Protein chains: 2
Amino acid sequence: MGLKVTAPRVKILQILEGCEQHHLSAEDLYRMLLEAGEEIGLATVYRVLTQFEAAGLVERHNFEDGYSVFELNRGEHHDHIVCVLCGRVVEFMDEVIERRQRRIAAELGYEIGDHSLTIYGRCIDPPCRSDKTGL
Amino acid sequence: MGLKVTAPRVKILQILEGCEQHHLSAEDLYRMLLEAGEEIGLATVYRVLTQFEAAGLVERHNFEDGYSVFELNRGEHHDHIVCVLCGRVVEFMDEVIERRQRRIAAELGYEIGDHSLTIYGRCIDPPCRSDKTGL
DNA sequence: ACATGAGATGAGAAGCTTTTGCATGCAGTT
DNA sequence: AACTGCATGCAAAAGCTTCTCATCTCATGT
């Protein structure tokens, strides 16, 4: 698809595939790559992620934190619920909401193709309240 | 509530109250204030908005554009649907979704207090496709 | 009214995330 | 093996937001 198979791209895909945590910031990825002994620039991480996004391999989300997080597109649509305190993200999928939001969108003059729905709330469990490292 | 009644604060509230467009960026407000002949700094706009947010007078939203928009808190909860192309925002409120999202949140270990739910889609109407000025 | 002090302001610098410019380097092709 | 063009790293720049600090303003007590 016009993208060469280069070391940085392969490594980034590997991390996105293998990582426990589905939602990673560019900085997260950059740090992980360095720790893995890769010689890579932060700019490249951003560039690759942007290209992957354009190619549909990856989804970018701007949760209310001021930075973007990226997630491998595994083909199955899902929405997100995010803690406004600690940033914890959980994925979910609810047919009732899906139907309802399509209907609302149509009524208000929106078309819902590849869309995203995000709920912001707060974690109930204690690790959250402490600090952001709890993620 | 610990905030003095000063010219910038009053003016900003007036604009938020009077403006047709409910969702304004700090830059928007700043420009409007300058056009209204006010002598004000952008830093003050941000400061005041942040204070208003802390005081519950205003809500801040980080839609997927890279900057924040602010909206007067009129007391009635509502959610947003945003066009990812032109940025148009429409408010809506749906009891079915409200109930459903509370339930999902509880199941996943989240508490939903003052929350927000945002749907991202694309405008159907033509003015959108053109450019961002269509807002 | 007036002095006083805490808090607010404006201008610019700084901070953070993300993007861009440019010389170098590598992938894929001939 | 040579070649072309895209990809990379680094550093600089951009865009939004916050911070610093000297100055000014609001609100209070006299």
Side-chain angles (χ1 to χ4, degrees), chain A residues 1-16 23-55 57-71 82 84 87 89 132 135, chain B residues 1-15 23-55 57-71 82 84 87 131-133 135:
Chain A
M1 55 177 50
L3 295 185
K4 290 185 184 174
V5 177
T6 63
R9 288 179 181 158
V10 172
K11 294 293 178 187
I12 288 177
L13 264 189
Q14 283 178 347
I15 290 190
L16 284 171
H23 304 85
L24 295 171
S25 69
E27 198 78 36
D28 290 337
L29 270 162
Y30 178 56
R31 220 168 344 91
M32 287 171 161
L33 286 162
L34 290 187
E35 284 168 10
E38 293 303 313
E39 183 142 330
I40 197 172
L42 182 54
T44 301
V45 177
Y46 276 105
R47 262 187 302 238
V48 170
L49 287 171
T50 302
Q51 292 159 342
F52 282 1
E53 186 193 7
L57 289 173
V58 147
E59 282 181 15
R60 176 195 299 239
H61 302 287
N62 292 59
F63 299 141
E64 311 234 344
D65 290 300
Y67 54 85
S68 301
V69 297
F70 299 84
E71 139 183 61
V82 182
V84 295
V89 178
K132 291 204 134 199
L135 212 174
Chain B
M1 56 175 51
L3 296 184
K4 290 184 184 177
V5 178
T6 63
R9 290 181 180 157
V10 173
K11 295 292 178 187
I12 288 176
L13 264 189
Q14 284 178 348
I15 290 187
H23 304 85
L24 296 171
S25 69
E27 199 79 36
D28 289 337
L29 270 162
Y30 178 56
R31 223 171 336 94
M32 288 173 161
L33 286 162
L34 290 186
E35 283 169 11
E38 294 302 315
E39 180 141 334
I40 198 171
L42 182 54
T44 302
V45 177
Y46 277 105
R47 259 187 307 238
V48 170
L49 287 171
T50 302
Q51 291 160 343
F52 281 1
E53 185 193 7
L57 289 172
V58 148
E59 281 180 16
R60 175 197 298 241
H61 301 287
N62 291 59
F63 299 141
E64 309 234 347
D65 290 298
Y67 54 87
S68 302
V69 297
F70 300 84
E71 138 183 63
V82 182
V84 295
D131 63 353
K132 291 204 132 198
T133 62
L135 211 172

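Keep in mind that the numbers below use all heavy atoms, side chains included, and drop hydrogens, waters and symmetry copies. Sequence lines set the chain letters: A, B, ... in the order given, protein chains first and strands last, and positions in each chain run from 1. From a predicted model like this one, the values you see are computed outputs, not experimental measurements.
- Boundaries of the chain A contact region on DNA chain C are dT17(C) to dG28(C), first to last in 5' to 3' order (nucleotide atom under 4.0 Å from a heavy atom).
- Note that OG of Ser68(B) and CD of Glu53(B) are 8.0 Å apart. Values are rounded to the nearest 0.5 Å.
- In this structure, the separation between OH on Tyr46(B) and OG on Ser25(B) is 7.0 Å, given to the nearest 0.5 Å.
- Residue Ser25(A) is out of contact with every strand shown, counting any heavy-atom pair closer than 4.0 Å.
- Taking the ring pair (Phe, Tyr, Trp, His ring centres under 6.0 Å) definition, one finds that His23(A) meets it with His80(A), sequence neighbours left out.
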Tell me, with the steps shown, if Val45(B) and Glu27(B) meet side-chain contact (heavy atoms from CB on, under 4.5 Å).
CA-CA 8 Å; Val45(B) 177; Glu27(B) 199 79 36; over 6 Å; no

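- Within a heavy-atom distance below 4.0 Å of DNA chain C, the residues of residues 4-11 of chain A found are Lys4(A), Val5(A).
- Under the 4.5 Å side-chain criterion, counting only non-hydrogen atoms from C-beta, Phe52(A) is in contact with Leu13(A).
- Residue contacts shown for Glu27(B) are absent, as no nucleic acid heavy atom lies under 4.0 Å away.
- The line from CD of Glu71(A) to CG of Leu49(A) is 12.5 Å long, rounded to the nearest 0.5 Å.
- For Leu29(B) and dC16(D), the CG to P distance is 15 Å, given to the nearest whole Å.
- Of the possible polar contacts, one joining the Arg9(A) side chain to the Lys4(A) backbone as a donor-acceptor pair under 3.5 Å is found.
- Proximity of a side-chain donor or acceptor of Thr44(A) to a complementary backbone N or O of Ile40(A) within less than 3.5 Å is not detected.
- When the salt bridge (charged side-chain N to carboxylate O under 4.0 Å, His left out) test is applied to Glu64(B), no partner is found at least two apart in sequence or on another chain.
- Per the geometry, CG belonging to Leu33(A) stands 14 Å off C1' belonging to dG9(D), to the nearest Å.
- Scanning residues 41-49 of chain A for heavy-atom distances under 4.0 Å to DNA chain C yields Leu42(A), Ala43(A), Tyr46(A), Arg47(A).
- The nearest pair of heavy atoms linking Gly87(B) to Val82(B) is O-CG1, 4.1 Å.
- Each end of the helix from dA1(C)-dT30(D) to dT30(C)-dA1(D) gets its own rotation axis from five pairs of C1' atoms, and the angle between them is 30° to the nearest 10 degrees.
- Rounding to the nearest 0.5 Å gives a distance of 11.5 Å between OG1 of Thr6(B) and NZ of Lys11(B).
- Rounding to the nearest 0.5 angstrom, the gap separating the CD1 atom in Ile12(B) from the CZ atom in Phe70(B) is 10.0 Å.
- With values rounded to the nearest 0.5 angstrom, Glu38(B) atom CD is found 8.5 Å from Gln14(B) atom CD.
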